[in-house]
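Predicted, not measured: the structure shown is a model, and the values here were computed from it. Here is the naming used below: chain letters follow the sequence lines, and residue numbers restart at 1 for every chain. These values consider heavy atoms only, across backbone and side chains, with no hydrogens, waters or symmetry-generated copies.
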Protein chains: 2
Amino acid sequence: MTLNSPKTRRPTIYDVAKQAGVSPSLVSLVLQNPARVSDKRREAVQTAISDLGYRPSRAATTLASSRTKSIGLVIDDYRNLWFVDLLRGMEAVLTDHGYQVMLADSRPGENRIREAADGLLAMHVDGLVIAAEPSASMLAGTGVPTVVAGWRDGVPAGADLITNDDDGGGGMAASHLLGLGHTRIGHLSGSGGAAAHRRAGFRGRLQESGVEPLIGGEAGGTSEEDGYNSACWLLDHHPDITAIFAANDTMALGALGAIKARGLAVPADISLIGYDNSTLAKSRYLELTSVDNRSDLVGVDVAKALLARIQDSAVGPQRKLIEPALIVRGTTARPGF
Amino acid sequence: MTLNSPKTRRPTIYDVAKQAGVSPSLVSLVLQNPARVSDKRREAVQTAISDLGYRPSRAATTLASSRTKSIGLVIDDYRNLWFVDLLRGMEAVLTDHGYQVMLADSRPGENRIREAADGLLAMHVDGLVIAAEPSASMLAGTGVPTVVAGWRDGVPAGADLITNDDDGGGGMAASHLLGLGHTRIGHLSGSGGAAAHRRAGFRGRLQESGVEPLIGGEAGGTSEEDGYNSACWLLDHHPDITAIFAANDTMALGALGAIKARGLAVPADISLIGYDNSTLAKSRYLELTSVDNRSDLVGVDVAKALLARIQDSAVGPQRKLIEPALIVRGTTARPGF
DNA sequence: ACGGCATTTTGTAGCGCTACAATTTTTGCG
DNA sequence: CGCAAAAATTGTAGCGCTACAAAATGCCGT
């Protein structure tokens, strides 16, 4: 067994063809559509392939066929785990159609998302998914069907848009707290488009019931630290508050820190809802009530939209919102319970 | 601004050459080594490139030059966030040398790691990093320099191996607890190679001081649930226990759940150490003392090793362990404090 | 102005594969 | 058994780029 022997040129279809006693074209056919080749030759070719350890060159295939059977996925930040669900959802659909997903390496820096997309396009992906803040210039002239996932605003009319209904999710959180009887309700508002929608949906639903939410940290970020600081502000300025809705689970964790620091208990004194239904929320220790984005469903629809447009370039772009789901756990209860 | 117009063929160097009034070869030269071209032509070419929106075809470049300037990274599970640090470390080195990292899509299933590696190899990556359980057959005949990162056992002699010193990290945790004065110490043992080394290092250091660790959950997994169950077992069978070392932060979170359920306090009744120094450990709410793997340093060394072997195929494989660091936070204290 | 040398530019020949038309072989059936 | 139609196989051309040798241009001193 030889490891890493760069000396020996890797085998090509010509080597396989010679070994199997057929023409290179036939080898290519076996690779693409084995059913169209006679049993005898097919087996001979397949034997030769494994004997030689032949692997098709993706570059050559791409160049010759101008199809890559691959979809590029640009991610904002690998630490935001929602992309894992998105990816799983996409794969559930794409694998059946022989497509492969390529993740773009989003290195830090100014134009990193643009660069990541460019890198993917240079590799001739057949479709592109932007799971990050899109800019119009980025979506212009990509040359392939492009879908924006998870970001709702600033998407030009020509691109597909499939994302989570953050307004709806915010409304669900509001309904849950109202249903439990809360009336003095705070919100830890993250930054960015999704957070704005969560806030809007939340506030809208509360106002329908005549309740005005107490908003903290509108200008801040989305980190645990931001959640901690905003929660501190809320608790100190509104000591009679009985419930808090955080724009994400991480901020909810920060809120837990602030609540604990003041000697208050969850959910006895304060009910808390997060957003994302992350592993954090599912934790047995935290038992956080949270809104689940159903990003897996987003992934499924993203893949379907892409396939439809790849297969038929006449298909127009679509926009779709996926309905989230409220997962009730141990951090919400009736006020004063 | 036209979005997604598959009708218009994407421009090639020939289009650029015609537009700039030069030969295709000159365009290619500008792309590779702008310094070797006269200012006048270089600018003409660069103008033409941006006017036409030209993007080089990676497939063609690869095919013609048989270099891709890219490194493949196979990841075990995207949810294990240590790869993010690994990636950042690798990029810190590779970006300067014009290399790009490609993440392999590790879809679930039997041979997913193998398949991911094959996919990367089909794309002609110049080097391969396996951040997952390696099998000898997988490392055989990859044809490119290959480094195993983060997995220590079962790596054939021909491959590079750069990983975290889990034995040393276990020893650090032990020393810390001994130094605080603990003597009845438990361990939540995860499954897998890294966990075995953490356990061995931990036990070894304790035994040097004549302390025998109480091991829980040796056969279990590495999830929060596993941590919870093992911690329950430890607390119930050894009520006099004063400290616990968990094989990872997630299990430590499970342990927190078990400790809380028994009405015990951290660190007053029980000191707790995790492993990985994940965001969980850094959380202000949890303040978990944890061992940091320094995976960023692993990434740096992985990249260096790869570059050395790519540039000079005579360089032999190396093995290296990166020293972890103990991060002391709020979950450890003197016993009975 | 001109050889001689360095610098800049260009033509030619593939890289490994696929598309597709052309060719050969097999099959069905009168 | 022969012949048309179907199935299987092959040859040819080219995808977009780079390597490298060959050609063209610029620059120097005398």
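- With sequence neighbours left out, the side-chain contact (heavy atoms from CB on, under 4.5 Å) criterion links A/Asp96 to no other residue.
- A/Asp39 meets the salt bridge (Lys or Arg N to Asp or Glu O under 4.0 Å) test with A/Arg42; sequence neighbours excluded.
- Ranked by how close their nearest DNA chain D nucleotide is to the 5' end, A/Tyr14 and B/Tyr14 are led by A/Tyr14.
- Between the side chain of B/Ser50 and the backbone N or O of B/Thr47 there is at least one donor-acceptor pair closer than 3.5 Å.
- Overall bending of the helix from C/dA1-D/dT30 to C/dG30-D/dC1, expressed as the angle between end axes built from five pairs apiece, is 30° (10° steps).
- A search for salt bridge (Lys or Arg N to Asp or Glu O under 4.0 Å) contacts involving A/Asp51 returns nothing, not counting sequence neighbours.
- Contact check for B/Trp82 versus B/Asn293: no side-chain heavy atoms found under the 4.5 Å cut-off.
- Qualifying side-chain contact (heavy atoms from CB on, under 4.5 Å) partners for B/Ala44, counting only residues two or more places apart in sequence or in other chains: B/Ala20.
- Extent of DNA chain D lying under 4.0 Å from chain B heavy atoms, first and last nucleotide in 5' to 3' order, is D/dG16 to D/dA19.
- Map B/His124 and B/Ser38 each onto its nearest nucleotide of DNA chain C; the residue landing nearer the 5' end is B/Ser38.
- Residues from residues 18-36 of chain B with heavy atoms under 4.0 angstrom of DNA chain D, sorted by number: B/Ser25, B/Ser28, B/Gln32.
- As a whole-Å value, the separation of B/Ile13 CD1 from C/dT10 P is 12 Å.
- Around atom NZ of A/Lys320, no more than 12 heavy atoms belonging to other residues, nucleotides or ligands sit under 6.0 Å away.
- Side chains of A/His124 and B/Ser57: a donor on one and an acceptor on the other come within 3.5 Å.
- Under the side-chain contact (heavy atoms from CB on, under 4.5 Å) criterion, B/Ser65 pairs with B/Thr61, B/Arg67, sequence neighbours left out.
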Would you list the atom pairs, donor with acceptor, under 3.5 Å between side chains in residues 21-34 of chain A and any protein atom, with sequence neighbours excluded?
residue	atom	partner	partner atom	Å
A/Ser23	OG	A/Leu26	N	3.3
A/Ser28	OG	A/Gln32	NE2	2.9
A/Gln32	NE2	A/Ser28	O	3.4

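- Not counting sequence neighbours, B/Arg319 has no partner by the salt bridge (Lys or Arg N to Asp or Glu O under 4.0 Å) test.
- For B/Leu321, the side-chain contact (heavy atoms from CB on, under 4.5 Å) partners are B/Arg152, B/Thr163, B/Asp165, not counting sequence neighbours.
- Taking the six-membered ring for Trp and the full ring otherwise, the centers of A/Tyr78 and B/Tyr78 sit at least 6.0 Å from each other.
- Within residues 61-72 of chain A, the residues approached by DNA chain D to less than 4.0 Å at the level of any non-hydrogen atom are A/Leu63, A/Ala64, in residue-number order.
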